[in-house]
Amino acid sequence: QVQLVESGGGLVQSGGSLRLSCAASGSIFASFVDLDWYRQAPGKQRELVASITAGGSTNYADFVKGRFTISRDNAKNTAYLQMNSLKPEDTAVFYCKSVLSDWGQGTQVTVSS
């Protein structure tokens with residue numbers, strides 16, 4: 001089982017940036033699985049934001065393409081989500097997830113207009 005802990009959320013103005021971190025622990029295989037970032041806005045379903053494979057290939061939801069960048073540092077067992085040009089509609093709790101992990105507590109991102 002892999003434990004994932006998200007951090008880096010906060011309050012930012014529209015147009016601002018944040019970098020989220022996802023620290024993995026609990027398994028030596030943590031570096032060898034795909035990682036996803038999801039978000040859940042109030043009253044809405046959780047949705048996939050971005051994915052990164054163990055080899056570093058990435059995919060993005062259309063609503064974040066060109067604004068968000070997912071990356072990982074396998075030596076540190078950590079994944080990141082760099083979020084630029086944030087919009088109020090990006091306000092949500094952000095979660096990272098792998099097939100080896102349960103859902104964590106997430107990190108709150110609030111974008112003010």
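The shown structure was predicted, so the numbers you read here are calculated from the model rather than taken from an experiment.
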Provide the full list of salt bridge (charged side-chain N to carboxylate O under 4.0 Å, His left out) pairs with a residue in residues 91-113, sequence neighbours left out, each pair given once.
-> none
Could you note down all residue pairs passing salt bridge (charged side-chain N to carboxylate O under 4.0 Å, His left out) where residues 52-65 supplies at least one of them, sequence neighbours left out?
-> Asp62-Lys65
Taking only residues at least two apart or on different chains, which pairs with a member in residues 37-91 satisfy disulfide bond (SG atoms under 2.5 Å apart)?
-> none
First locate atom CG of Leu20, then atom CD of Gln82, and finally report the distance between them rounded to the nearest 0.5 Å.
-> 8.5 Å
Excluding sequence neighbours, so at least two apart, what forms side chain to side chain contact (heavy atoms under 4.5 Å, CB included) with Gln108?
-> Thr91, Val93, Thr110
Heavy-atom count around Glu89 CD within 6.0 Å, excluding the residue itself: above 12?
-> yes
Distance in Å, Leu4 CG paired with Ser21 OG, rounded so as to fall on 0.5 Å steps | 12.5 Å
Shortest non-hydrogen contact from Arg72 toward Thr53 | NH1-O, 3.0 Å
Keeping to residues at least two apart or across chains, list the ring pair (Phe, Tyr, Trp, His ring centres under 6.0 Å) pairs with something in residues 65-99.
-> Tyr95-Trp103
Roughly how far, to the nearest 0.5 Å, is the CG atom of Asn59 from the CG atom of Leu48?
-> 8.5 Å
Not counting sequence neighbours, which residues clear side chain to side chain contact (heavy atoms under 4.5 Å, CB included) with Ala41? List them please.
-> Lys44, Ala92
For residues 62-92, pull every pair meeting disulfide bond (SG atoms under 2.5 Å apart), keeping only residues two or more places apart or in separate chains.
-> none
Using the side chain to side chain donor-acceptor pair (under 3.5 Å) rule, collect all pairs that involve residues 34-43, keeping only residues at least two apart or in two chains.
-> Asp36-Ser51, Arg39-Glu47, Arg39-Asp90, Gln40-Arg46
Rounded to the nearest 0.5 Å, what's the gap from CD1 on Ile52 to OG on Ser98? Could you check?
-> 13.0 Å
Over all heavy atoms of both residues, which pair between Phe63 and Val49 is shortest? Give the atoms and the distance, please.
-> CE1-CG2, 4.5 Å
For the atom pair CG (Leu100) and CD (Gln3), what is the distance rounded to the nearest 0.5 Å?
-> 10.5 Å
Let me check something: any side-chain donor-acceptor pairs from residues 5-17 under 3.5 Å, sequence neighbours excluded? List them with distances.
residue	atom	partner	partner atom	Å
Glu6	OE1	Gly106	N	3.0
Glu6	OE2	Cys96	N	3.0
Ser17	OG	Asn84	OD1	2.9

